[in-house]
Amino acid sequence: MLSPDDRQVAERDQEVGGLPLLLDAEAMAEWLSDRTGQECVVDGQRMRYKPGTSCTLAFRLGKADGETVRCLAKTYATTSAAKADKTMESAPDAVLAFEPTIGLVVTTLAGDRDLPALARLYDGPSRARLLDRTLPGLNPGSDTALETLRHNPERRWVGVLDTADGGRILLRAYRHTESYQHRRAYRVLSGGEPRTPALLGRTRRYDLIAVEWIAGAPLSALPPEATSFEAAGRAVAQLHAGPTHRRLGLRGPDAEAADARAAADEVARLLPHLAPHVLDVATRCASRLEELRHHKAMLHGDFSTDQVVIGVDGRAALIDLDAACVGDPAI
């Protein structure tokens, strides 16, 4: 059942016909159960909504036999319904359900057309060939254990691969337009201080990289002890004090100001009653950011406590380097 807030969002956007379904997990599960012929449970993980254009939902699909499948649902505006047909044509084996009247198509992860590596990673023989290309000499079989950790639909996928010797390797798949920047970040930051995951392999054709799995616990999952936070602080300070790598790109106050405005625009569209206040706050923040004179240092770019892994030796490592750049740490 739609919540009152979600119902208002759906009522304001009549163009995206499948939006009420994607916003209602129970209704989505009932619809899929009817289409697949077996009882389903939908566990939404991540949603991307473009008002008047489309809505994409990454979710876990639970089946009556106990199987859980990572899936992707996308509904298009009536003016873009032909894009659903393209998905049907490009990955027919991945399609689980289709409703042409609302431009809605549901697929497994292999149906994410912007992340071409996924279609191969979730097919046994193709996976072995792709991994052999990415990690020559590893020789993983088609039954190698592969677990999805995060799926940001049409942007990024992260999974962990268990190797025959009991080790683990992190795999990261990207959109083609962003793949080079991310590969470069892992390449230039590995091997120094602070500790970061080493780049182990890559394949440019499918925009997939393999990086070191760093054992330990995320700082966000640990008790709030001072020693762990001090270790994280030292790691970030080492990054800021180290050499800058201009090849990673400069992110200045203007970019941060633009992000503040964009975030406010999203909130204003979803919650119109907050629009005046939110837009005012964003305008004032953006104005202050644009006035700053910044110095240049290496930045993690997406720093939070779940981007720090504390090893058994108490040493902190910084992970998830996709947004690494040069900018001002104070911003």
Side-chain angles (χ1 to χ4, degrees), residues 46 48 114-115 149-159 170-200 202 207-214 216 218-221 228-229 231-266 282 285-286 288-290 292-310 315-331:
R46 185 155 189 158
R48 173 171 289 106
D114 290 275
L115 302 178
L149 299 181
R150 290 191 301 276
H151 179 215
N152 184 354
E154 303 169 336
R155 294 295 186 273
R156 184 182 65 165
W157 171 91
V158 182
L170 203 66
L171 299 176
R172 309 178 74 90
Y174 304 101
R175 290 192 301 174
H176 181 67
T177 53
E178 299 175 354
S179 176
Y180 178 68
Q181 173 74 7
H182 300 324
R183 289 199 311 268
R184 188 164 49 182
Y186 282 93
R187 187 168 58 248
V188 302
L189 291 178
S190 64
E193 291 293 340
R195 185 183 180 188
T196 58
L199 179 64
L200 303 177
R202 66 186 187 276
D207 302 303
L208 179 72
I209 68 172
V211 302
E212 175 190 11
W213 173 269
I214 296 181
L219 180 60
S220 58
S228 297
F229 280 89
R234 285 193 295 270
V236 176
Q238 286 177 318
L239 181 67
H240 293 167
T244 57
H245 299 271
R246 297 297 180 86
R247 289 181 299 165
L248 294 184
L250 175 66
R251 183 171 179 81
D254 290 347
E256 298 290 346
D259 278 357
R261 292 190 175 98
D265 288 343
E266 291 290 336
C285 287
R288 293 294 298 273
L289 284 166
E290 290 167 339
L292 293 176
R293 290 188 176 184
H294 65 289
H295 72 274
K296 298 178 179 63
M298 275 303 309
L299 304 184
H300 180 277
D302 187 29
F303 184 74
S304 62
T305 54
D306 57 359
Q307 310 290 30
V308 181
V309 170
I310 305 296
R315 183 183 176 195
L318 303 183
I319 62 171
D320 197 352
L321 307 178
D322 292 347
C325 60
V326 176
D328 187 342
I331 292 176

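The heavy-atom pair separating Leu239 from Met298 by the smallest distance is O-CB, 3.5 Å. In plain terms, the two heavy atoms of Ala282 and Arg261 that are nearest each other are CB-CA, 4.4 Å. The two atoms that bring Leu321 and Ala185 nearest to each other are O-CB, 3.5 Å, heavy atoms only. Nearest heavy-atom pair, Ala235 versus Pro194, reported as atom, atom and distance to 0.1 Å: O-CG, 3.3 Å. The two residues Ile214 and Ala317 have their closest heavy-atom pair at CD1-CB, 3.8 Å. Between Pro253 and Leu289, the shortest heavy-atom contact is CB-O, 3.0 Å.
Here the CD1-CZ distance, from Ile209 to Arg187, works out to 10.0 Å after rounding to the nearest 0.5 Å. The line from CG of Asp320 to OG1 of Thr196 is 12.0 Å long, rounded to the nearest 0.5 Å. The line from CG of Leu208 to CG of Leu115 is 10.0 Å long, rounded to the nearest 0.5 Å. Rounding to the nearest 0.5 angstrom, the gap separating the CD atom in Glu154 from the CZ atom in Arg175 is 8.5 Å. One distance of note links CG of Asp207 with CZ of Arg183; it measures 7.0 Å at 0.5 Å rounding. Rounding to the nearest 0.5 Å gives a distance of 9.0 Å between CG of Leu189 and CG of Leu318.
Using a 4.0 Å cut-off between charged nitrogen and carboxylate oxygen, Arg155 and Asp322 do not count as a salt-bridge pair. Ion pairing between Arg251 and Glu256 holds under the 4.0 Å rule for side-chain N and carboxylate O.
Using a 4.5 Å cut-off on side-chain heavy atoms (C-beta onward), Arg195 and Glu212 make contact. Here the side chains of Leu299 and Pro329 are in contact, with some heavy-atom distance below 4.5 Å. Val308 is not listed as a side-chain neighbour of Phe229, based on a closest heavy-atom distance of 4.5 Å or more. Between Ile310 and Arg315 there is no side-chain heavy-atom pair separated by less than 4.5 Å.
Under the rule for a ring pair (Phe, Tyr, Trp, His ring centres under 6.0 Å), the partners of His182 that lie at least two apart in sequence or sit in another chain are Tyr174. Not counting sequence neighbours, the partners of Asp328 by the side chain to side chain contact (heavy atoms under 4.5 Å, CB included) test are His294, His295, Ala330, Ile331. Residues forming a salt bridge (Lys or Arg N to Asp or Glu O under 4.0 Å) with Arg184 (at least two apart in sequence, or on another chain): none.
Between the side chain of Arg48 and the backbone N or O of Pro153, at least one donor-acceptor pair lies under 3.5 Å. Panel note: side chain His151, backbone Gly159; no donor-acceptor pair is recorded below 3.5 Å.
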Using side chain to side chain contact (heavy atoms under 4.5 Å, CB included), reason through Lys296 and Leu250 one step at a time and then give a plain yes or no. CA-CA 8 Å; Lys296 298 178 179 63; Leu250 175 66; 4.0 Å; yes
Start with the C-alpha distance between Tyr186 and Arg202, add both sets of side-chain angles, then the distance that settles side-chain hydrogen bond (donor to acceptor under 3.5 Å, both in side chains), and finish with yes or no. CA-CA 11 Å; Tyr186 282 93; Arg202 66 186 187 276; over 6 Å; no
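Heavy-atom contacts from other residues, nucleotides or ligands closer than 6.0 Å to CZ of Arg150 number more than 12. Arg247 CZ: 12 or fewer foreign heavy atoms inside a 6.0 Å radius.
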